[in-house]
Amino acid sequence: MKNQRILYILFLIYFVFAILLNSVGTVILQVIGNYDVSKSAASVLEGFKDLPIAVVSFLVASFLPRLGYKKAMLIALAIVTLASLSMPLVPSFLTTKLLFLSVGVAFALTKVSVYSTLGLIATSRKHHAGIMNTLEGFFMIGVLCAYWVFSFFIDSSDPRSQSWLHVYWVLAALCALTFVLLATTHFDESLAALPEDRSLAQDFTAMLRLFFKPLVCVFVITAFLYVLIEQSVGTWLPTFNNEILKLPAAMSVQVTSIFAACLAAGRLSAGFLLRRLNWYPVMNACLVGMGAVVLVALPLTHGVEANPDIGWLNAPVAAFIFPLIGLFMAPIYPGINSVMLSSLPKNQHSAMTGLLVIFSALGGTTGSLITGYVFGAFSGHTAFYLTLVPIAVVLVMLWFFKRAVDSTPDNGLDGSAIISG
């Protein structure tokens with residue numbers, strides 16, 4: 001019961017950050033109309049979110065166990081509460097940049113803490129894979145809710161309306177509530193303690209040494225490419241729906257929720273599936289499925305005519321087919337993360353998660369910038385067809401990753417209780 005309590009808190013924290021992090025695609029669509037910002041200029045919001053994640057993870061992940069995972073998460077929640085309040089109080093493109101910068105800093109602290117805490121709960125590699133996918137499934141439920149919550153505040157009839165900013169009052173309240181719940185939850189983090197005779201500089205050096213292990217090197221490249229794909233699709237799908245499929249702004253965001261729903265369903269189901277099946281064939285099947293969806297759906301997006309009476313019943317069929325890529329995409333990221341972390345001792349999970357967060361953030365920013373550039377310079381079709389390239393590369397990298405994992409022993413996750421009080 002005590003382990004379940006902390007899991008519920010972690011799921012809620014991830015739910016909150018899912019809404020904030022993955023609102024960037026919706027916010028890009030809104031700031032283009034509100035603040036007369038170009039597509040390429042708006043795409044930097046992904047960088048304001050992801051680059052702080054990378055920098056903060058690089059600086060603090062190695063010694064975060066010394067600060068304490070709970071304290072780190074409380075600091076993160078306080079930061080995003082204040083940042084959310086600033087959006088309706090001081091509306092501007094600069095404030096929007098600062099919001100995502102704050103969200104990036106806070107999520108770096110949160111993700112390292114959450115992932116490291118999961119390592120203290122899991123009892124085996126398969127158990128770790130199961131709860132990791134469940135956690136990421138809750139993350140995608142948050143993403144799904146974000147599309148509908150934001151669309152409720154968007155005025156499709158007036159692109160310059162700032163009514164959408166009122167959503168941040170709701171988000172600030174949710175962040176504050178999560179802060180209170182976490183503050184009243186007590187747990188013991190001693191199992192993740194670092195050697196007392198080691199300095200902060202030695203902690204940092206130990207994290208850097210991890211990167212030069214062949215297993216870790218292959219893993220971070222794979223994670224980088226996967227996040228590049230996911231963020232390319234997730235960030236620009238609202239704009240693709242609006243400009244290519246000719247859907248109204250609010251509906252463009254709502255239809256994108258199908259993608260998030262598929263990711264959520266895929267990860268929650270994979271939470272059960274990966275407790276029973278070997279991860280490698282599951283990952284390969286998912287990548288092949290992703291490529292198939294791209295090749296089937298995108299040809300259906302050509303020649304769409306604007307329809308002033310468009311709705312859910314007469315929208316282009318591609319609007320419903322392409323988001324299904326999320327079903328196949330879903331298990332890959334949490335699956336490879338779990339395999340990597342469960343191959344390491346518990347006191348290295350924080351440092352490893354730091355590396356993971358760094359390269360995930362860089363992958364997200366790279367994907368958004370490339371897709372934004374290609375979308376503006378060529379077309380949305382070309383931008384999304386390009387996802388086939390990293391899909392093929394990830395398929396190859398997984399083979400090398402499996403070889404490296406098979407030569408690494410299971411570190412005997414024992415599922416020791418971490419809760420006290």
Discussion item. Taking the six-membered ring for Trp, are F401 and W279 closer than 6.0 Å centroid to centroid?
Written reply: yes

Discussion item. Quick one, F150 with Y168, criterion ring-ring contact (aromatic ring centres under 6.0 Å, His included). Give me CA distance, side-chain angles, the key distance, then yes/no.
Written reply: CA-CA 9 Å; F150 270 82; Y168 286 99; 5.8 Å; yes

Worksheet item: Any luck finding a side-chain donor-acceptor pair between T110 and S113 under 3.5 Å?
Response: no

Fill in: Straight-line distance of L74 CG to I79 CD1, nearest 0.5 Å
11.0 Å

Discussion item. If you define the side chain from C-beta out and look only at heavy atoms, does anything of R267 sit under 4.5 Å from P334?
Written reply: yes

Practice prompt. Please determine, by modelled atom types, if T26 and S23 share a side-chain donor-acceptor pair under 3.5 angstrom.
Written response: no

Worksheet item: Hey, are the side chains of L277 and P281 touching, using non-hydrogen atoms and a 4.5 Å cut-off?
Response: no

Worksheet item: Backbone N or O of V394 within a donor-acceptor pair of the T222 side chain at under 3.5 Å?
Response: no

Worksheet item: More than 12 foreign heavy atoms under 6.0 Å from OH of Y280: is that the case here?
Response: yes

Worksheet item: So how far is it from L165 CG to T95 OG1, rounded to the nearest 0.5 Å?
Response: 9.5 Å

Worksheet entry | Gap between atom CG of L109 and atom OH of Y69 - 0.5 Å precision | 12.5 Å

Practice prompt. Starting at CZ of F259, measure out to CG of N241 and round the result to the nearest 0.5 Å.
Written response: 11.5 Å

Worksheet item: Looking only at heavy atoms, what is the nearest atom pair of P331 and M283, with distance?
Response: O-CE, 3.6 Å

Fill in: Donor-acceptor contact present, side-chain K49 to main-chain V105, <3.5 Å
no

Discussion item. Could you check whether F219 and F400 have their ring centres less than 6.0 Å apart?
Written reply: no

Worksheet entry | Shortest non-hydrogen contact between G104 and I53, atoms and distance | O-CG1, 3.1 Å

Fill in: Intermediate values then yes/no, side-chain contact (heavy atoms from CB on, under 4.5 Å), I28 and I32
CA-CA 6 Å; I28 283 175; I32 289 173; 3.9 Å; yes

Discussion item. Between Q231 and N22, is there a side-chain heavy-atom distance shorter than 4.5 Å?
Written reply: yes

Item to complete: Could you tell me how the ring of F138 sits relative to the ring of F11: parallel (under 30°), tilted (30 to 60°) or perpendicular (over 60°)?
Response: parallel

Worksheet item: Any side-chain heavy atom of I229 sitting closer than 4.5 Å to one from M290?
Response: yes

Worksheet entry | Polar side-chain atom of N242 near backbone of L247 as donor-acceptor pair, under 3.5 Å | yes

Item to complete: For residues E136 and Y14, determine if any side-chain heavy atom of one lies less than 4.5 Å from a side-chain heavy atom of the other.
Response: yes

Worksheet item: Less than 4.5 Å apart, any side-chain heavy atom of N284 and any of W399?
Response: no

Discussion item. Determine whether F48 and V103 satisfy the following criterion, side-chain contact (heavy atoms from CB on, under 4.5 Å), listing intermediate values before the conclusion.
Written reply: CA-CA 9 Å; F48 271 86; V103 170; over 6 Å; no

Worksheet item: Which atom pair, heavy atoms only, marks the closest approach of V149 to F153?
Response: O-CD1, 3.1 Å

Worksheet item: Which of parallel (below 30°), tilted (30 to 60°) and perpendicular (above 60°) describes F17 and F107?
Response: tilted

Item to complete: State whether the side chain of S379 and the backbone N or O of F375 hold a donor-acceptor pair below 3.5 Å, judged by distance alone.
Response: no

Discussion item. Tell me the closest heavy-atom pair linking P316 and V304, and the distance in Å.
Written reply: CG-CG1, 3.8 Å

Practice prompt. Show your working on side-chain contact (heavy atoms from CB on, under 4.5 Å) between K402 and V405 and close with a plain yes or no.
Written response: CA-CA 5 Å; K402 181 182 183 298; V405 168; 5.7 Å; no

Discussion item. Working note: L99 + V27, criterion side-chain contact (heavy atoms from CB on, under 4.5 Å); need CA distance, chi angles, decisive distance, verdict.
Written reply: CA-CA 11 Å; L99 167 77; V27 174; 5.8 Å; no

Worksheet item: With a 3.5 Å cut-off and no angle check, do the side chains of N34 and W164 form a donor-acceptor pair?
Response: yes

Worksheet item: Between atom CE of M73 and atom CD1 of I13, what is the distance when rounded to the nearest 0.5 Å?
Response: 4.5 Å

Discussion item. Counting only heavy atoms not in Y8 (residues, nucleotides, ligands), do more than 12 fall under 6.0 Å from its OH?
Written reply: no

Item to complete: Nearest 0.5 Å please: distance from the CG atom of L118 over to the CG atom of L7.
Response: 6.5 Å

Item to complete: Compute whether any side-chain donor of one residue and acceptor of the other, for W148 and S257, lie under 3.5 angstrom apart.
Response: yes

Practice prompt. Indicate, with yes or no, if the rings of F240 and F384 have centres closer together than 6.0 Å.
Written response: yes

Discussion item. If we ignore hydrogens and angles and just use 3.5 Å, is the side chain of T301 paired with the main-chain N or O of L298 as donor and acceptor?
Written reply: yes

Worksheet entry | Pairwise side-chain contact, L174 with I19, heavy-atom cut-off 4.5 Å (strictly under) | yes

Worksheet item: Just wondering, do L20 and C175 contact through their side chains at under 4.5 Å, heavy atoms?
Response: yes

Worksheet, complete the sentence: Looking only at heavy atoms, the pair that brings Y115 and L356 closest together is CE2-CD2, 3.4 Å

Worksheet, complete the sentence: Correct closest heavy-atom pair for A265 and L327 would be CB-CD2, 4.3 Å

